[in-house]
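Heads up, the thing below is written out as structure tokens.
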Amino acid sequence: MTRTLARHGDAPALVREKNPSGVSRVLDAYFGGDVECIDSLQVASRGTPFQERVWNGLRRIPAGTTLSYGALATKIGNPKAVRAVGMANHRNPVGIVVPCHRVIGSNGELTGYAAGVERKAWLLEHEARHAKAGPGRQLQLGGVSAGALRS
């Protein structure tokens, strides 16, 4: 965590707490099926103004849905910054809470994810199953259902 935070400037001192700001409780709820609960967490990340726009854009992608890098670039007002959006996505310091896993390639392919594409597929399937649209909702990724992504 210290290394990750150091990429974004001076790394703050980390203090071990059992349930900092209720984050553990919210993550337990998220993995238990309340996939919208992460929206309640406040995030104080430090990045460039562009990175902050990307990260704020990520938080506006509803659970159970995906956007392409190009669509996210357009939504944040910079449609030509597709590669820069990808780099900001890669530098996201708060995975899951800032849901970078919801961004996919323009062809519907699951592209890189720091924790592994298999985990990205699992998170997307989990969210599609539990998002407000209800269980059984089929998430489509470029014509391929998330369930078809399992090896």
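In this text, all values refer to a predicted model and were calculated from it rather than measured experimentally. Numbers here simply count residues along the sequence, with the first being 1.
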>> What verdict does the side-chain contact (heavy atoms from CB on, under 4.5 Å) test give for E127 and H101, after you've listed the backbone C-alpha separation in whole Å, the side-chain angles of each residue and the deciding distance to 0.1 Å?
In response: CA-CA 11 Å; E127 290 183 354; H101 59 277; 2.8 Å; yes
>> Would E52 and R46 count as a salt bridge (charged side-chain N to carboxylate O under 4.0 Å, His left out) here? Give the steps.
In response: CA-CA 7 Å; E52 294 289 339; R46 296 184 310 187; over 6 Å; no
>> Test side-chain contact (heavy atoms from CB on, under 4.5 Å) on L58 and N89; report intermediate values, then the result.
In response: CA-CA 8 Å; L58 291 170; N89 203 37; 3.2 Å; yes
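At least one side-chain heavy atom of V43 sits less than 4.5 Å from a side-chain heavy atom of V98. Taking the side chain as every heavy atom from C-beta outward, L67 and R102 never approach each other to under 4.5 Å. Taking 4.5 Å as the limit, some side-chain heavy atom of V85 sits within range of a side-chain heavy atom of F50. At least one side-chain heavy atom of V54 sits less than 4.5 Å from a side-chain heavy atom of L72.
Closest approach of S68 to S106, counting heavy atoms only: CB-CA, 3.9 Å. Minimum interatomic distance between I76 and G57 (heavy atoms only, all atoms of both residues): CG2-CA, 4.3 Å. Here the closest heavy-atom approach between residue N78 and residue R53 is recorded as ND2-NH2, 4.1 Å. Contact record, V97 with R59: O-NE, 3.3 Å, taken as the closest heavy-atom pair. Pairing each heavy atom of I96 with each of I38, the nearest pair is O-CD1, 3.0 Å. Considering every non-hydrogen atom in both I61 and T65, the closest pair reads CG2-OG1, 3.6 Å.
With sequence neighbours left out, S40 forms a side chain to side chain contact (heavy atoms under 4.5 Å, CB included) with V26.
Of the possible polar contacts, one joining the R119 side chain to the A115 backbone as a donor-acceptor pair under 3.5 Å is found. Remark: the backbone N or O of A88 is paired with a side-chain donor or acceptor of W55 at under 3.5 angstrom. Between the side chain of H126 and the main chain of Y30, a donor-acceptor pair closer than 3.5 Å is present. Side-chain atoms of Q51 come within 3.5 Å of backbone atoms of T48 as a donor-acceptor pair (strictly under, hydrogens ignored).
Between atom NZ of residue K75 and atom CG of residue N56 there is a gap of 14.0 Å, rounded to the nearest 0.5 Å. The NZ atom of K120 sits 6.0 Å away from atom CG of L110, with the distance rounded to the nearest 0.5 Å. To the nearest 0.5 Å, the span separating CG on L123 from SG on C100 amounts to 9.0 Å. How far CZ of R25 is from CG of L41: 8.0 Å, rounded to the nearest 0.5 Å.
Placement of M87 and V82 in two distinct hydrophobic clusters is found when ILVMFWY residues are connected by side-chain heavy-atom separations under 4.5 Å, directly or transitively.
Side-chain polar atoms of E36 and H130 form no donor-acceptor pair below 3.5 angstrom.
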